[in-house]
There are 2 protein chains.
Amino acid sequence: MQKVYNIGVEATLEVIGGKWKPIILCHLNHHGKIRTNEFRRLIPGISQKMLTNQLRELEQAGLIHRKVFNQVPPKVEYSLTSYGHGMEPILNMLCTWGEKHVELLQDKGEDVLLKQRDEDIAMQQTS
Amino acid sequence: MQKVYNIGVEATLEVIGGKWKPIILCHLNHHGKIRTNEFRRLIPGISQKMLTNQLRELEQAGLIHRKVFNQVPPKVEYSLTSYGHGMEPILNMLCTWGEKHVELLQDKGEDVLLKQRDEDIAMQQTS
DNA sequence: CGGCATCCTTGCCGATACTG
DNA sequence: CAGTATCGGCAAGGATGCCG
């Protein structure tokens, strides 16, 4: 059965949807190669289980590569595949948008957005 | 209490995270103004409850505007605020990436991604 | 038509313990 | 160090019915 999408965003969400995937990808985008335990430090909120889980899904989607070093102690490095690098612009924008959003909230408080909204309403009523 | 983010993407996810928000925003980005029932047609999978819910959250985040027409039958139109328009580049990229991803899968089958991964592995081993 | 409230199910995800 | 397995809570989300 072929899945049908109204718009591409649904397909994208199937790949990077979920609570942690964009965060994981962003870190990989910034750092290059990341080991499992490094992830756990970078993303304190995530559990071992979810981390492995999300990494597996990203791997199967072809976005990241999992390199296993056969040694003791074990070592596993994750990195973006070339296909995963195609996500870079999106990841960067998600990152910068969020940073600006936070700045905005810190500078002017929560209600700056409401003020903005009121301006929009005023605009529309003149039309 | 002030929330602290390691990277901006976490803040972004707080705003547009969730199963439906990016889809809603994408539709608004494409169509301009959308009525409630139009949304239900555009997004068949969503329930009335979730639709209202997600729209409210986006409204409170300052991304969309809810215009109520006082008439019978009732009429409500949603549209992006000027702040919400700042999302456009992200929404467009999410959309186009997904479209290309779907194309890729349809053209070459699921395993093209695995082949890509193998190439990456080969690359790394030469280094 | 658009929205709210209620009940109820699903499955996500965390906590814990264990293997190689 | 990296990963698996199992259990269970709890919130996300669906279905239904009622209101302006």
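Values reported hereafter were calculated over all heavy atoms of this structure, with side chains retained and with hydrogens, waters and symmetry mates removed. Note on naming: letters A, B, ... go to the chains in the order of the sequence lines (proteins, then strands), and numbering restarts at 1 for each one.
At whole-Å resolution of the value, CD in A:Gln54 and P in C:dG14 are 9 Å apart. Atom CG of B:Asn70 is separated from atom P of C:dG2 by 14 Å (rounded to the nearest Å). Rounded to whole Å, the distance from CD on A:Gln71 to P on D:dG3 is 13 Å. The distance between atom NZ of A:Lys75 and atom C1' of D:dG3, rounded to the nearest whole Å, is 18 Å. The NZ-P distance, from A:Lys21 to C:dC12, rounds to 10 Å in whole Å.
Under 4.0 angstrom from either OP1 or OP2 of D:dA2 there lies at least one side-chain N or O belonging to A:Arg35. Using a 4.0 Å cut-off, no side-chain N or O of A:Arg66 falls inside it from OP1 or OP2 of D:dA2. In terms of phosphate contacts, B:Tyr78 brings no side-chain nitrogen or oxygen within less than 4.0 Å of OP1 or OP2 of C:dG2.
The stretch residues 38-53 of chain B touches DNA chain C through B:Gln48, B:Lys49, B:Thr52, each having a heavy atom within less than 4.0 Å of the strand.
No contact: B:Phe69 has no heavy atom under 4.0 Å from any strand.
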Task: side-chain contact (heavy atoms from CB on, under 4.5 Å) evaluation trace for A:Thr12 with B:His101 - done: CA-CA 8 Å; A:Thr12 308; B:His101 185 67; over 6 Å; no

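In this structure, B:Lys21 NZ and B:Asn53 CG are separated by 7.5 Å, a value rounded to the nearest 0.5 Å.
Judged by closest nucleotide on DNA chain C, B:Pro73 is the one of A:Lys19 and B:Pro73 placed further toward the 5' end.
Of the residues A:Leu58, A:Ile90, A:Leu94, the one that meets the side chain to side chain contact (heavy atoms under 4.5 Å, CB included) test with A:Leu25 is A:Leu58. Checking B:His85, B:Lys33, B:His65 one by one against B:Leu80, the side chain to side chain contact (heavy atoms under 4.5 Å, CB included) holds for a single residue, B:His85.
A donor-acceptor contact shorter than 3.5 Å is absent between the side chain of A:Glu99 and the backbone of A:Thr96. No side-chain donor-acceptor contact under 3.5 Å links B:Asn29 to the backbone of B:Leu91.
Between D:dA2, C:dG3, D:dT4, one nucleotide has an atom nearer to the side chain of B:Arg56 than all others, and that is C:dG3.
By the rule that hydrophobic residues join a cluster once side-chain heavy atoms approach within less than 4.5 Å of another member, A:Tyr78 and A:Val68 end up as members of one cluster.
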